[in-house]
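Okay, structure first, notes after.
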Protein chains: 2
Amino acid sequence: MALTQQHIEQIRQCTLFAPLSDAELKQVASHGHLVELNAGQIIFSQGESCHQFYLVQRGMIKLYRLSVDGTEKVMDLAAPKQLFAEAVMFTGKYPLHAAAIEPSTVFAFDCMNFIALLKNNNELCFILMSSMSHCLNGMINEIDRLTLHSGTQRLAEYLLEQVPEGVMQSSCIRLLVPKLVIASRLGIQPETFSRIMARLRSDGMIETHNDTILLKDLDALRCLAACHG
Amino acid sequence: MALTQQHIEQIRQCTLFAPLSDAELKQVASHGHLVELNAGQIIFSQGESCHQFYLVQRGMIKLYRLSVDGTEKVMDLAAPKQLFAEAVMFTGKYPLHAAAIEPSTVFAFDCMNFIALLKNNNELCFILMSSMSHCLNGMINEIDRLTLHSGTQRLAEYLLEQVPEGVMQSSCIRLLVPKLVIASRLGIQPETFSRIMARLRSDGMIETHNDTILLKDLDALRCLAACHG
DNA sequence: TGTGATATTTGACATACATCAAGGCACCTA
DNA sequence: TAGGTGCCTTGATGTATGTCAAATATCACA
């Protein structure tokens with residue numbers, strides 16, 4: 001689906017597009033379109049040549065790898081207003097798979113067209129480079145967590161990430177994706193995820209009702225995440 | 001130590017500096033210097049503001065994180081002719097520690113000066129962006145290995161990476177850093193490293209003499225790395 | 001050339017986490 | 001409303017890898 005003026009206003013919110021003039025933004029939009037996705041629908045697969053990058057408008061996208069035996073590792077989740085695959089524009093091939101985990105809508109932008117803009121706009125290059133730097137930083141933190149933290153710590157960290165800024169003692173959060181997916185994101189099995197939650201519950205740190213979780217003792221959780229297993 | 005014409009010729013080899021004119025390269029060199037490092041000497045620490053990026057001339061540099069209890073995780077190793085910290089120029093702070101693991105020499109380049117060059121040189125931006133894309137790709141592969149592959153697989157992969165291109169049946173390699181460091185790089189304990197090596201030895205895949213390793217059956221190693229544990 | 005520091009190996013043991021299996025629950029659709 | 005499908009939970013059990021400890025081996029430096 002082609003993009004309307006209303007879509008252009010949505011796209012403009014994204015920091016990557018901030019330095020673009022109205023004319024340039026219109027050009028981006030004219031080479032982009034809106035894609036409706038069913039739950040489970042694949043957007044691109046690892047190894048495919050990379051012609052487009054994406055901005056989530058609605059829903060949730062998982063970025064994942066598959067092992068030879070079909071095991072799935074979710075590398076990241078993209079929520080509305082988040083870009084994905086923008087950092088791999090220069091490698092030619094997508095390094096992982098992307099699929100919608102619920103009915104979703106994404107803006108798809110043409111790489112070639114955007115690269116043409118980059119050629120004439122150094123400010124745009126700088127924003128993309130910052131974004132890539134930031135992404136790299138996140139990856140380093142991810143490897144740090146996977147190697148230096150236990151499963152329990154990673155789960156506690158994940159829960160704490162869902163808490164809005166400034167909340168001190170306790171907080172109520174909702175898991176926006178199936179626990180199965182979060183477990184994969186954290187590099188643990190669903191069974192282990194469930195058991196860790198049960199332990200946190202019996203330790204009095206949390207209360208759970210389906211995907212709604214009351215974090216009763218944020219300090220205890222923070223200690224768990226930072227200090228020990 | 002300030003840089004000589006001979007140093008400039010060395011620097012020119014690095015693809016990042018390829019699009020620079022002689023004058024620009026001289027400018028980079030005039031804002032750079034050569035740093036001699038003892039074994040174990042720290043180059044920068046995580047969290048420090050980032051004013052320089054580096055090119056290894058001689059020796060070996062480890063890039064690592066420390067956990068609260070002092071455990072070290074080696075994220076990457078930089079050998080001669082390799083850049084490091086060039087991708088974090090935009091974040092302001094180093095995301096990890098860097099130290100020499102043997103007597104080394106590195107070129108240090110001024111970030112501000114290089115960013116000034118980037119502002120006027122679109123081609124240079126593109127090369128840096130490609131380099132960052134490539135780096136990101138490597139990180140994704142790293143997370144893939146850590147979550148989807150066993151310790152044995154990761155070690156087999158590491159050994160195979162040391163084999164020069166085109167070698168088919170068997171190959172003799174040398175470990176360029178202490179096994180302790182490789183173990184950390186692979187996310188396993190030194191004891192586990194030693195035990196996996198012993199198993200590969202008893203399975204007839206390798207022979208070892210200190211840091212020299214004869215890979216007797218590359219196909220078996222490749223199978224081990226790709227298929228099972 | 002000795003000597004302490006560091007790296008490596010090996011054994012015994014502990015454990016976090018995975019795997020296998022089964023039952024319960026929620027959601028969807030016919 | 002029934003019945004299927006997928007998700008979640010819990011139990012029993014297995015295992016790869018970590019931890020602790022001690023015996024070499026190796027290296028750097030005086």
Side-chain angles (χ1 to χ4, degrees), chain A residues 38-40 60 62 67 69-74 99 101-103 145-156 174-202 206-213 224 228-229, chain B residues 38-41 59-60 62 67 69-74 99-103 145-156 174-203 206-213 224 228-229:
Chain A
N38 300 321
M60 188 71 77
K62 70 175 172 190
S67 74
D69 67 354
T71 311
E72 178 178 305
K73 162 61 184 166
V74 174
I101 56 179
E102 61 185 59
R145 279 190 291 266
L146 285 169
T147 53
L148 258 20
H149 297 195
S150 69
T152 303
Q153 286 178 301
R154 298 202 295 276
L155 177 44
R174 289 195 62 189
L175 302 180
L176 303 175
V177 296
K179 293 174 180 175
L180 194 74
V181 175
I182 298 175
S184 171
R185 172 69 242 270
L186 297 176
I188 56 181
Q189 296 306 119
E191 293 95 328
T192 304
F193 182 98
S194 182
R195 274 186 258 268
I196 294 173
M197 289 295 272
R199 211 177 60 233
L200 296 183
R201 217 180 301 127
S202 79
I206 64 173
E207 273 174 31
T208 62
H209 307 85
N210 297 323
D211 63 347
T212 303
I213 300 173
L224 189 65
H228 44 81
Chain B
N38 300 321
Q41 196 173 337
M60 188 69 79
K62 71 174 172 190
S67 74
D69 67 354
T71 312
E72 180 178 303
K73 161 61 185 166
V74 175
I101 56 179
E102 62 184 61
R145 278 189 292 267
L146 285 169
T147 52
L148 258 19
H149 297 195
S150 69
T152 303
Q153 287 177 300
R154 298 203 295 275
L155 178 43
R174 289 195 61 189
L175 302 179
L176 302 173
V177 295
K179 292 173 180 175
L180 194 72
V181 176
I182 299 176
S184 171
R185 174 68 242 270
L186 297 176
I188 56 181
Q189 296 306 118
E191 294 94 327
T192 305
F193 182 99
S194 182
R195 273 185 260 267
I196 294 172
M197 289 296 271
R199 211 176 61 231
L200 297 183
R201 216 181 300 127
S202 79
D203 287 353
I206 64 173
E207 274 173 31
T208 62
H209 307 85
N210 296 326
D211 63 347
T212 303
I213 300 173
L224 190 66
H228 45 82

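Quantities reported herein were computed from a predicted structural model and do not represent experimental measurements. Just so you know, these numbers use all the heavy atoms, side chains as well, and skip hydrogens, waters and symmetry mates. Chain identifiers are assigned alphabetically (A, B, ...) following the order of the sequence lines, protein sequences preceding nucleic acid strands; residue numbering begins at 1 within each chain.
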What is the separation between atom [atom1] on [X] and atom [atom2] on [N], rounded to the nearest whole Å?
X: A/Asp211; N: C/dA26; atom1: CG; atom2: P; value: 12 Å
X: B/Leu155; N: C/dT8; atom1: CG; atom2: C1'; value: 14 Å
X: A/Ile206; N: D/dT9; atom1: CD1; atom2: C1'; value: 14 Å
X: A/Ile196; N: D/dC8; atom1: CD1; atom2: P; value: 15 Å
X: A/Gln189; N: C/dA18; atom1: CD; atom2: C1'; value: 6 Å
X: A/Arg199; N: D/dT9; atom1: CZ; atom2: C1'; value: 16 Å
X: B/Lys62; N: C/dA7; atom1: NZ; atom2: P; value: 9 Å
X: A/Leu146; N: C/dA16; atom1: CG; atom2: C1'; value: 15 Å

Minimum heavy-atom distance between [X] and [Y], given as atom pair plus value:
X: B/Glu207; Y: B/His209; answer: OE1-CE1, 4.3 Å
X: A/Arg154; Y: A/Ile188; answer: NH2-CG2, 3.6 Å
X: A/Gly40; Y: A/Ala99; answer: O-CB, 4.3 Å
X: A/Thr152; Y: A/Arg199; answer: OG1-NH2, 2.9 Å
X: A/Lys73; Y: B/Thr147; answer: CG-OG1, 3.4 Å

Query raised in the report: A/Asn210: what forms a side chain to side chain contact (heavy atoms under 4.5 Å, CB included) with it, not counting sequence neighbours?
Result: none
**Report entry** Sequence-distant partners of A/Thr208, side chain to side chain contact (heavy atoms under 4.5 Å, CB included), two or more places apart
**Finding:**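 Only A/Met197, A/Arg201, A/Ile206, A/Ile213 meet the side chain to side chain contact (heavy atoms under 4.5 Å, CB included) criterion with A/Thr208.
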Salt bridge (Lys or Arg N to Asp or Glu O under 4.0 Å) partners of [X], counting only residues at least two apart:
X: B/Glu102; answer: none
X: A/Asp211; answer: A/Arg174
X: B/Glu191; answer: none

Enumerate the protein-to-nucleotides 9-13 of chain C contacts in which both atoms are nitrogen or oxygen and the separation is below 3.5 Å.
unit_1	atom_1	unit_2	atom_2	d
C/dT9	OP1	B/Lys179	NZ	2.9
C/dT9	OP2	B/Ser194	OG	3.3
C/dT9	O5'	B/Ser194	OG	3.2
C/dG11	N7	B/Arg195	NH1	3.0
C/dG11	O6	B/Arg195	NH2	3.4

Show the distances under 3.5 angstrom between N or O atoms of the protein and N or O atoms of nucleotides 2-6 of chain C.
none

**Report entry** Inter-axis angle, terminal five-pair segments of the helix from C/dT1-D/dA30 to C/dA30-D/dT1 [nearest 10°]
**Finding:** 50°
**Report entry** Pairs meeting criterion side chain to side chain donor-acceptor pair (under 3.5 Å) with involvement of residues 175-190 of chain A, two or more places apart
**Finding:**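 Output for this query lists A/Glu142-A/Arg185.
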